[in-house]
Amino acid sequence: MNEDRKRLIANVKAAGVVGAGGAGFPTHVKLAGSVDTIILNGAECEPLLAVDVQLLEMQAEILVESLDQLVRVSEAKSGVIAIKGKHQPAIDALQQALMGKPTLRLQSLDDFYPVGDEQVLVYEVLGRTVPEGGIPPNVGSMVINVETLLNVAKAWKGQPVTTTYVTVAGEVSQPLTLEVPVGTPISVLLDLAGGPSVPDYGVIEGGPMTGKLIHPKAIDSHIAAVRKTTTGIIVLPADHWLVEQPSLSLGSILQRAQSACCQCRICTDLCPRHLLGHDLNPHLVLNAINHGQASNPDAYTQAFLCSDCGVCELYACPVELSPRRVYQALKLELMEKDIKNPHRRKVTPRATWAGRHIPASILISRLGLERYDHLAPWSRIDFSPRQVVIPLQQHIGIPAHASVKVGDKVEIGQTIAIPPPDKLGAAVHASIPGRIEEVTEDVVVISGE
């Protein structure tokens with residue numbers, strides 16, 4: 001490993017960079033792998049979100065230069081910027097910035113869901129299929145999110161992650177996309193967007209397909225706050241089915257499945273992982289549970305292959321059943337029993353792959369989001385919240401341990417928590433100047449000066 005790469009990895013680790021567009025995998029670990037191609041993921045396939053496409057347009061030169069540097073330092077052969085073909089202004093800006101960069105190219109993507117899933121993206125861009133239970137480096141590729149690359153570029157200069165980019169959309173008076181300090185209360189974001197435009201509403205953190213419903217008390221008490229991985233805040237009426245569906249208990253979901261699942265297998269036929277060739281059959285897990293098929297362990301361990309994309313639950317099933325929720329529960333149970341993923345086959349996409357893509361426009365209609373389907377424009381609001389609530393686990397791995405105490409004075413960028421030595425995790429930094437008001441196992445609260 002060359003010295004530049006070692007220094008970059010050390011800087012990225014110190015800066016607390018994690019995957020900003022997904023589950024928050026610590027980026028310094030990803031950068032340590034050897035690959036021949038680095039893919040910049042600008043697909044942004046979740047409906048209503050508008051961070052990546054606007055960053056690609058506004059910061060095209062910085063992103064191209066950063067990708068070029070990352071390819072060189074990582075000793076990869078090439079870099080690919082993947083973006084949907086419908087985003088012409090961003091494509092124009094990127095093509096201009098790519099001039100004179102022979103190791104980089106632009107890849108136009110079709111507008112379907114979930115083209116931004118890293119395994120789907122690797123196949124669409126490179127024609128390579130990631131094996132079951134595998135990751136892109138298994139086939140010589142690395143996928144990095146747009147915001148993550150910007151954070152890597154900042155880390156190269158010694159700047160830690162203190163802000164994130166968020167789209168606020170749905171039932172708000174003024175949908176917008178903006179940069180905010182990590183730990184900004186979600187209630188503050190709602191105020192910046194002019195407040196909810198309906199009296200009774202629910203809030204989803206993330207996109208409508210994979211996001212998490214936030215409890216109203218957490219918003220009212222300002223506990224719910226922006227993480228490094230927060231890309232969207234979606235406000236919907238309280239009676240919208242995307243708000244009601246996550247509120248169902250697992251018991252209710254299983255009861256529905258027992259009475260309504262007809263084994264039509266549409267959930268399996270449209271499952272992106274199944275279409276890529278994985279041995280994932282959502283209809284079979286409902287059948288196994290409904291009929292107590294404990295002798296068919298594969299139906300249960302297939303849960304490890306589920307990407308939680310939500311297609312089975314929110315698009316495919318005609319009676320609104322949820323194999324995804326069942327798989328989530330099974331994964332937890334299997335991990336608690338220390339059962340490992342036995343599915344490790346090499347895969348080949350099924351013949352139906354291209355014919356069963358889900359067009360984004362059809363998905364938006366199916367989700368009942370047509371009235372909100374317009375760009376949340378970039379806002380250059382310059383503000384600093386009076387208080388931030390910074391989670392100590394904003395990443396995959398072990399939570400960071402606070403290195404500050406109540407009463408300490410901190411500055412922007414100061415390290416306030418670090419993961420245990422030799423454990424997978426990411427450092428956490430102060431996002432505003434001020435004093436430490438509270439320290440728990442879960443959060444550090446900073447009040448501004």
Side-chain angles (χ1 to χ4, degrees), residues 17 19-22 27 37-74 76-118 120-122 124-126 141-157 159 161 163-169 175-180 207 231-232 360-361 373-382:
V17 182
T27 303
T37 308
I38 299 175
I39 302 173
L40 180 60
N41 186 356
E44 200 160 45
C45 61
E46 279 266 20
L48 308 187
L49 303 188
V51 168
D52 291 346
V53 65
Q54 296 188 77
L55 286 176
L56 284 167
E57 181 179 353
M58 295 185 303
Q59 301 198 39
E61 289 188 10
I62 294 174
L63 286 164
V64 167
E65 288 294 335
S66 300
L67 180 59
D68 191 47
Q69 182 182 42
L70 185 57
V71 168
R72 176 183 58 80
V73 170
S74 299
K77 295 179 180 178
S78 64
V80 183
I81 301 174
I83 181 174
K84 290 181 178 179
K86 69 178 184 179
H87 297 308
Q88 196 59 51
I91 289 174
D92 291 342
L94 289 166
Q95 287 176 331
Q96 182 68 29
L98 283 167
M99 294 178 65
K101 304 291 185 185
T103 61
L104 306 184
R105 66 179 176 89
L106 192 70
Q107 174 80 36
S108 179
L109 302 170
D110 292 336
D111 189 15
F112 69 91
Y113 182 83
V115 70
D117 171 89
E118 66 177 15
V120 173
L121 191 66
V122 167
E124 288 293 300
V125 173
L126 301 177
S141 60
M142 177 197 303
V143 178
I144 188 166
N145 166 265
V146 171
E147 183 179 346
T148 308
L149 181 59
L150 288 175
N151 287 335
V152 168
K154 292 176 182 177
W156 186 260
K157 301 175 182 177
Q159 301 173 20
V161 179
T163 64
T164 191
Y165 300 94
V166 185
T167 292
V168 187
L176 48 76
T177 302
L178 73 169
E179 182 179 14
V180 298
T231 54
S361 59
D373 184 26
H374 47 79
L375 183 71
W378 196 266
S379 173
R380 300 189 182 277
I381 295 174
D382 185 16

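Scope of the values below: all heavy atoms of this structure, side chains included, with no hydrogens, waters or symmetry mates.
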How far does CG of Leu70 sit from CD1 of Ile38, to the nearest 0.5 angstrom? 4.0 Å
Are the side chains of Leu109 and Val125 in touch, meaning some heavy atoms are under 4.5 Å apart? yes
Suppose the criterion is side-chain hydrogen bond (donor to acceptor under 3.5 Å, both in side chains): which pairs have a residue in residues 37-50, not counting sequence neighbours? Glu46-Thr210
Looking at Pro175 and His374, what are the two nearest heavy atoms and their distance? CG-CE1, 3.9 Å
Interatomic distance, Leu67 atom CG to Ile144 atom CD1 [nearest 0.5 angstrom]: 8.5 Å
Restricting to non-hydrogen atoms, name the atom on Ala153 and the atom on Ser66 that form the minimum distance, rounded to 0.1 Å. CB-OG, 3.3 Å
Once you round to the nearest 0.5 Å, how far does CG of Leu63 lie from CD of Glu147? 10.5 Å
How far apart are the C-alpha atoms of Phe112 and Glu124, what are their side-chain angles, what is the distance that settles it, and do they pass the side chain to side chain contact (heavy atoms under 4.5 Å, CB included) test? CA-CA 11 Å; Phe112 69 91; Glu124 288 293 300; 4.0 Å; yes
Taking all non-hydrogen atoms of both residues into account, name the closest pair between Leu375 and Ala50 and its distance. CD1-CB, 3.5 Å
What's the verdict on side chain to side chain contact (heavy atoms under 4.5 Å, CB included) for Val115 and Asp110, showing C-alpha distance, side-chain angles and the deciding distance? CA-CA 8 Å; Val115 70; Asp110 292 336; over 6 Å; no
Once you round to the nearest 0.5 Å, how far does OG of Ser78 lie from CG of Leu126? 7.5 Å
Answer whether the closest heavy-atom distance between the side chains of Leu55 and Trp378 falls below 4.5 Å. yes
Could you work out, with side-chain hydrogen bond (donor to acceptor under 3.5 Å, both in side chains) as the rule, every residue matching Gln54, not counting sequence neighbours? Thr177
How about Lys77: does its NZ atom have over 12 heavy atoms from other parts shown lying under 6.0 Å from it? no
Hey, can you pull the donor-acceptor pairs under 3.5 Å for the side chains in residues 85-100, sequence neighbours left out?
{"from": "Lys86", "atom 1": "NZ", "to": "Asp111", "atom 2": "OD2", "distance (Å)": "3.0"}
{"from": "Gln88", "atom 1": "NE2", "to": "Asp92", "atom 2": "OD1", "distance (Å)": "2.8"}

Nearest 0.5 Å, what's the CD1-CD distance between Ile81 and Gln107? 11.5 Å
Which atom names give the shortest non-hydrogen contact between Ala82 and Leu121, and what distance separates them? CB-CD1, 3.9 Å
Over all heavy atoms of both residues, which pair between Cys45 and Gly116 is shortest? Give the atoms and the distance, please. SG-N, 3.4 Å
Is a side-chain donor or acceptor of Ser379 paired with a backbone partner of Leu178 at a separation under 3.5 angstrom? no
If you define the side chain from C-beta out and look only at heavy atoms, does anything of Thr164 sit under 4.5 Å from Val166? yes
Intermediate values then yes/no, side chain to side chain contact (heavy atoms under 4.5 Å, CB included), Thr231 and Asn145: CA-CA 11 Å; Thr231 54; Asn145 166 265; 5.8 Å; no
Can you measure from CG (Leu40) to CG (Leu56) and round to the nearest 0.5 angstrom? 6.0 Å
So, do Val122 and Val143 sit near enough that their side-chain heavy atoms are less than 4.5 Å apart? yes
Please report the shortest heavy-atom distance between Ala376 and Thr167, naming the atom on each side. CB-CG2, 3.6 Å
